[in-house]
Structures are given as C-alpha cells and as structure tokens.
Protein chains: 4
Amino acid sequence: MRTKCNDKYDALLEATLKLVNDCGFHDAPMSKIAKLAEVSPATIYLYFENKQDLINKLYIKIKASFSEHAFNGYDSNLPVKKGFETIWYNIADYKLNKIEESMFLSQCDNTPMIDEKARLQGLKHLQPLLDLWERGQKEGIIKPISNYLLYAYTVYPLSFLLAMEQNCLSCLNKDSRLAAFQCAWDSIKV
Amino acid sequence: MRTKCNDKYDALLEATLKLVNDCGFHDAPMSKIAKLAEVSPATIYLYFENKQDLINKLYIKIKASFSEHAFNGYDSNLPVKKGFETIWYNIADYKLNKIEESMFLSQCDNTPMIDEKARLQGLKHLQPLLDLWERGQKEGIIKPISNYLLYAYTVYPLSFLLAMEQNCLSCLNKDSRLAAFQCAWDSIKV
Amino acid sequence: MRTKCNDKYDALLEATLKLVNDCGFHDAPMSKIAKLAEVSPATIYLYFENKQDLINKLYIKIKASFSEHAFNGYDSNLPVKKGFETIWYNIADYKLNKIEESMFLSQCDNTPMIDEKARLQGLKHLQPLLDLWERGQKEGIIKPISNYLLYAYTVYPLSFLLAMEQNCLSCLNKDSRLAAFQCAWDSIKV
Amino acid sequence: MRTKCNDKYDALLEATLKLVNDCGFHDAPMSKIAKLAEVSPATIYLYFENKQDLINKLYIKIKASFSEHAFNGYDSNLPVKKGFETIWYNIADYKLNKIEESMFLSQCDNTPMIDEKARLQGLKHLQPLLDLWERGQKEGIIKPISNYLLYAYTVYPLSFLLAMEQNCLSCLNKDSRLAAFQCAWDSIKV
DNA sequence: TATGAATGAGTATTCATTCAT
DNA sequence: GATGAATGAATACTCATTCAT
C-alpha cells in the first residue's frame, strides 16, 4: 500500500495528528486532512484503505516511536532502580517534547476510535519494562503487585500532567521532575 | 396540556452516555440517541439546545454525581491519612460501580468534545480534597509538591485501572484494593 | 372558525403580517408567529385551518381594508376626472400610511404564496373603478384600452414608489404627490 | 480527473428559476432543485456556497441579461423620444419573451429573499436610461420629476402586465403594444 | 378555549468514498 | 500515481401540525 512517495504518506499522518488533536476525531473530515496535507482527497485512498485505517496506522506509528524513545539507552543489565529511572525519564522526556503525539495517544486510549487489533499491536512494545519489573519483584525491590498497578502508578500519571498542559508542564521540567519521579518510585518500591 | 417529564430528559442523557461510550462521540448521532431513548429526534431539542449542550449537560451531571460520591462520609476534621483514605476509597468505589460514567468522564477529559466552560464547572467540586492536602502538607505528612502531582499519583491512576477493564478491574476489588491504596499513599506521604 | 375572542385572531394576523414582511414567507414559521402574538402554536389552529389558510385570510382582510380606503368618499355620480382623482389619492394615501399592509400585498401579488381562490376574492373589490373607467371611455375622456393597461399605468406604479421606500416615499408626500397624479392621468386621458 | 462543466452550473440555475417561480422560494428545497437538474444534492455545493448564494447568483445573472436586452441597439446619440422608444420596446420584448426570468425578478424585488449586496449589484445597469432621462429633461421634453417617478410610470407597469399573464399578455403583443407605449410616453412627456 | 409537549417528515448541508481522466 | 468532480447516505436541526390535559 505504501508507495515510494513517502512525502505524501507522512504529510497525511501529520495532518491527521494535528486535526484530530485540535478538533477531535468527530471534526477531522478527510477533506480537511487532505487540504492540510496539500493533497487531493482521492489521494488519501492511495495510501490508506479508509479513514479507520489512516487512524490505526497513525496510532501504531506513534506507539512505535514512543517505545523507541522509552528504551533509549536502556540496558537490561542495569540494576533495577537505575533501569526504571532510565525508562521513566525517557517517557517523561517524550511527553514533554512530543506533546502532539502524546495527546493523540491519550485520545486514542480513552476513546473507541481505534481498532482492537491496532490497540493490541500498540501494546506489545512494553515488554522490556514488564521484564524489568519482574526482575525487581524477584529481587524484593518492587512490590509484588500486578503490572497494571505498577503502570498505573508510575507511567500513567505522566499523561495527566501532560493533559494539564499550561499549568502543569512545569512539573515535567528538568529541575522539578525529580519530585515526580520520587512519587513514582515511592509508589512501587517495597 | 402534556407536562414536560423528567423521564425523557433522563432517558436522553442515559442514551447519550451509552452511545458515546460504545461508539464514540463521532458515531453517536442524534437519531441514534433519540431511538435509544425511545423519543423522536425533534424531542431532543425540547430539552437541549443542541448536541453540544446535551453533551455538556451530561458531563456536568456526571461530574456532580462523582463529587458527591467522592466526599460521602468525609469530614474535614478527620486526621489527614484517614480523610485521604475515605476519599480515595470512595473514588475507587465510584470507578468500580459506575463504570459507564467513569469511562465517559475519561473520554471527555481526553478529547476536545467538551466546552471549556463546562470543563471548568466540572472542576470546582474537588476543593475539599485540595484543602485536605494543604493541611497534610502543613502537618508534614504529605510531600510539599503541587496539587497536580498529588492528583496525578493518587486519583488519576484509577482511571487507567478502569480503562483496562476486563483484565484489571480485579485490581479494584475489595480485597486487592489495599495494594492500590498503598501505592497511592506511598507516592505522596513524606 | 372565528371565535368570540377576536383579540387572539387579530394578534395572529398582525404577527403574520410583520413576520412575512420582515423575513419572507419562507422564514416566518408558525412558532415565531405564535410567539410574536403571545399565543401557543396550538392556538393558531383554533382560528385557522393551517398556515395557508392563515395567509389567505390575512390577504383577504388587507385587500378588503385596501378597497374600503380606495373608495372612501367616492360617489359614482362624480365627473370622471374628479372620481378618478378621488380614488387615486385614496390609494396613494393608503400606500403611504399603511406601509406594512401595502408591502404584504406586493409580496402576495408577486409570489405563489396565495391560493388562486383567495387571489380572485381579493380582486372583486375594484369594480367601481372599472365602472368609472368604462364611463370615462364612453365619454371619450379615457383612452379606449384594456382595464389592465389602465391599472398598470395608474395604480400599479404606486407600488414601485412604495417599494423604493427610503428614497422615494417623498414622491407620495402631500406636496409632491401632484406630479405623480399628473403622470397617472396623462397616461390614460385621451 | 473529471472536469467541472458549465452544464451543471447552468442546469442548476435553470432548475432554481423554474422551481422558485412555480412553487415560491419557500417551497423550492435544494433536494428538488438537485433532482430537476439531474444532479446529486451534494453537487450543488460544488458550484454554490449555499442556497442564498445560489439565489443571489441567479438574480445577478438574470439582471445582467435583462440589462443587455434593454439597451440592445440603443445609441446615446439618438433623439430622446427615439432612444426611450428603443429601450422601452426592448424591455417589453424581454418581458414577453423571457417570462420565467421576468417573473423571477418580480419575486425577488418584492420579497426579502435577496441579499442587499446582490440587489445593489443588480441595480447599477440602468445608468444609460437615467442619462437619457436627464438629457430629455434638459431639452424640455421630459417632465422635471424624479427618476423614481419616471421609472414607476414607464417601465414598472410592464411588470403588472406580465403578472396578469394569461389575460393580459396580449397587451404586450406586437400590435397592441403601441397603446401601452403611448401610455408610458404620455405619462412622462411634458 | 387554550396550552406546552411531542412528533414524523422534511431542510440545508456535510461526509467518506468513488469516478473519470 | 494523482487529481478534482461527483455522489448517496448521513447529519444536526426545524417545521407544520397534533396530542393530552
């Protein structure tokens, strides 16, 4: 499906990202997406099957870039806390620097706008973090609770801080980020 | 003269809640809402100005019921931890028992589908919790960090647990809820 | 159909007149008419069969008041020119003083918004003028041309002067009205 | 790529003309217009912004064709009466041969269905006639009265004759048209 | 008599998608 | 591959009219 002219493919994804963020899925018609990408509406259908496919592909692409960021510089041989710290700060960085992408993910995750199939595909990237937690639990450093809880109390709160945007992005700034990390670590460490 | 009954008003809100949850705002047309509420499409406009107004009013109503639940049995004279515990468990209860409502709030909070005005009106109910935190900080029991962080690491994670629904609702069950609360408390206590 | 409470009947006709003039037939819904008349929409149907009937009745009423005015003080024994003068000035008076009514008649006469039946009923009031013209023709004072032409060149032009409203009402004022009458008379006299 | 053809644009204007004449603006819905033009409702919006724009454009187009007709063969060097005769007969011709167009103009001019802007644009074509009248007045051939009066008693009556259609079109036929012109001229000549 | 509630059919307009070049 | 034209089906919303009191 994806042809040699990646320019248009990418422009379409970018336009979709912007419009869905600003107006919501319900007010991001194909015609507007095409216009913003400087492309004919018909052209969209050369690269994507339909609107759902366009959204799905954007979701998967962003999820992938998110994961790539998350494990940047991470090595599974690091001690548990150090490893967790690396990943957590990476994610905080991503939220702070890739605001559009992060907002889009939030919208997808709280809305029935993504195929179940795409959703699953987006999830499978987190395995290294789950492995790290398992190791931490074996070593008695991390509480013996479900992965869901661990995620809910460490990574997920970052989404809220992002959503509060104007008033709260400061919470993720270099110098005040320590407090946030401390909360995260305190909530899971034994 | 027929008299305007609350039945229809409520049926419309209920239908909207269900459809927006199941299909998303973008696929919850007025015609479907009317059908589900067993009412003519035109009737909607006797009770609501337009679709936006319908959504806004539903949001505000649910936010209000949420707050009412949250502070049920709470007394500002309770010791900080006890007070926090009361509120936190109330909210966990709400999430567990009012799944539809909770999912709708998540969708609203991560989507540009709500008026800024309605959004603000929905926020003003949390004051007692903020007051409690302030007291806890003065007493040296709660970390001296911003309200956003406190909220992000105590209340907000519950939304994630809810969203994971099938796999994770167990995390909020009576017996395993303690672990979740412990995470919350650990992340904010000094 | 018309009941004892003429107040509401009249208020409805008045409201219709105003709304149709200001917004056009296409933007004068029954609900607005009811509101302006300070009456329930359902009440309209106690006095009128439907919207068409309401418009028709208003048309006929105004046509009748127009004719009454037109022949005010007219006596079929007057000499032809004097008689014509009387009627013509009466009509000019009406156009000048009953602007709303005159505009409504213009709209009805240039639009398919009136039943053919009502239209015919509105026409039959002009007989005395036609009789006068016939007499004038017999006396050799008025050109031997069709009634349509006589009307077109004497009475009808007044509608245009009215329609030009702001810029042109002056043409119908007491002192400048003579010029207009002179045109009318010149165009039909032998 | 299919190319936007004038056929559809014209068909739409024609359909609108017919429907507005036969049923009135209030009963000429876009769906009927589309059907009559053998086009999808959505297609209308490729050529016109909305219904108002469609009506406006039709009005302006017809006004332009009317003016073109009116001054066909007219030369500002002609003697006043001859010049007036030329224009007047041209207009009578137009009314007789372009009945649909003439009726539409009447409806527009007696109804709040046209934008003020479009209305103004439609007016500016008559200048040569006004110039002619001015010259006639300077030469002492035409009464020193306002342009409104001159128009009301010469051109405007033709609209009435048209409106009476069935019974009266004969008044505009070649042989009986002289009587009508004579009325017009008599009413303005000194 | 009078009403506000209720509604089915309709209105202008938009949308995701396909057609023809 | 790329496009603007074209469209049937849908969308939010309105209307003339009727219902139930």
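Quick note on labels: first sequence line is chain A, next is B, and so on, each numbered from 1. Not measured: the values here are computed from a predicted model.
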S.K.: Find which nucleotide of DNA chain F each of B:R2 and C:K32 is nearest to by heavy atoms, and output the residue with the more 5' nucleotide.
M.R.: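 On the 5' side of the pair lies C:K32.
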
S.K.: Can you identify which nucleotide, out of F:dA6, E:dT3, F:dA20, has its nearest atom closest to the C:T43 side chain?
M.R.: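 Of all the options, the side chain of C:T43 is nearest to E:dT3.
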
S.K.: State the pairing partner of E:dA20; accept Watson-Crick or G-U wobble contacts with both distances under 3.5 Å, and report none otherwise.
M.R.: F:dT3

S.K.: For D:Q52 and for B:C5, find the nucleotide of DNA chain E with the closest heavy atom, then tell me which residue's nucleotide is more 5'.
M.R.: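 First, find each residue's nearest nucleotide; the 5'-ward one identifies B:C5.
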
S.K.: Please tell me if B:K51 has a side-chain N or O lying less than 4.0 Å from either OP1 or OP2 of F:dT11.
M.R.: no

S.K.: By nearest heavy atom, map D:H26 and B:V39 onto DNA chain E; which one lands nearer the 5' end?
M.R.: B:V39

S.K.: From CG of D:D27 over to C1' of E:dT11, roughly how many Å is that when rounded to an integer?
M.R.: 12 Å

S.K.: Cationic tip of D:K51 within the cone over D:F25's six-membered ring, i.e. under 6.0 Å and within 45° of the normal?
M.R.: yes

S.K.: Between atom NZ of B:K61 and atom CG of B:D10, what is the distance when rounded to the nearest 0.5 Å?
M.R.: 5.0 Å

S.K.: Calculate the interatomic distance between D:F48 atom CZ and F:dA6 atom P; express it in whole Å.
M.R.: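 Distance, rounded to whole Å: 12 Å.
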
S.K.: Counting side-chain heavy atoms from CB outward, which of E:dT17, E:dG4, F:dA6 is closest to C:S40?
M.R.: E:dG4

S.K.: Which nucleotide, E:dT1, F:dA2, E:dT7, lies nearest any side-chain atom of A:Y47?
M.R.: F:dA2

S.K.: Below 4.0 angstrom from OP1 or OP2 of F:dA6, is there any side-chain N or O of D:K4?
M.R.: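 No, because none of the side-chain N or O atoms of D:K4 sits under 4.0 Å from OP1 or OP2 of F:dA6.
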
S.K.: Please tell me which of the listed nucleotides, E:dT3, E:dA5, E:dC15, lies nearest to the side chain of A:S31?
M.R.: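 So the nucleotide nearest the side chain must be E:dC15.
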
S.K.: Select one nucleotide: of F:dC13, E:dG4, E:dT13, the one nearest the side-chain heavy atoms of D:P41.
M.R.: E:dT13

S.K.: Starting at atom CD1 of A:I33, determine the distance to atom C1' of E:dC15, rounded to an integer number of angstrom.
M.R.: 12 Å

S.K.: Does B:Y45 make a side-chain N or O approach to OP1 or OP2 of E:dT7 shorter than 4.0 Å?
M.R.: no

S.K.: CD1 of A:I55 versus P of E:dT17: gap in Å, rounded?
M.R.: 11 Å

S.K.: In whole Å, what is the span from the CG atom of C:L12 to the C1' atom of E:dT3?
M.R.: 13 Å

S.K.: What is the distance from CD of D:E38 to P of F:dA6, rounded to the nearest Å?
M.R.: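 Atom CD in D:E38 sits about 14 Å away from atom P in F:dA6.
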
S.K.: What is the distance from CD1 of C:I44 to P of E:dT1, rounded to the nearest Å?
M.R.: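 Whole-Å distance recorded here is 16 Å.
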
S.K.: In chain order, what residues pass the salt bridge (Lys or Arg N to Asp or Glu O under 4.0 Å) check against C:D115, with sequence neighbours excluded?
M.R.: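 In terms of salt bridge (Lys or Arg N to Asp or Glu O under 4.0 Å), with neighbours along the sequence ignored, C:D115 is linked to no residue.
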
S.K.: Nearest 0.5 angstrom please: C:S159 OG to D:N110 CG, how far?
M.R.: 7.5 Å

S.K.: Please state how far atom CG in A:N50 lies from atom P in E:dT18, giving the value in whole angstrom units.
M.R.: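 Result: 9 Å.
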
S.K.: Between CD of B:Q121 and OH of B:Y59, what distance do you get to the nearest 0.5 Å?
M.R.: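 Rounded to the nearest 0.5 Å, the CD-OH separation comes to 10.0 Å.
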
S.K.: Does the pair B:D53 and B:Y47 meet the rule for a side-chain hydrogen bond (donor to acceptor under 3.5 Å, both in side chains), with working shown?
M.R.: CA-CA 10 Å; B:D53 183 48; B:Y47 294 89; over 6 Å; no

S.K.: Looking only at side-chain atoms of D:L46, point me to the closest of F:dA6, F:dA16, E:dG4.
M.R.: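 Nearest listed nucleotide: F:dA6.
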
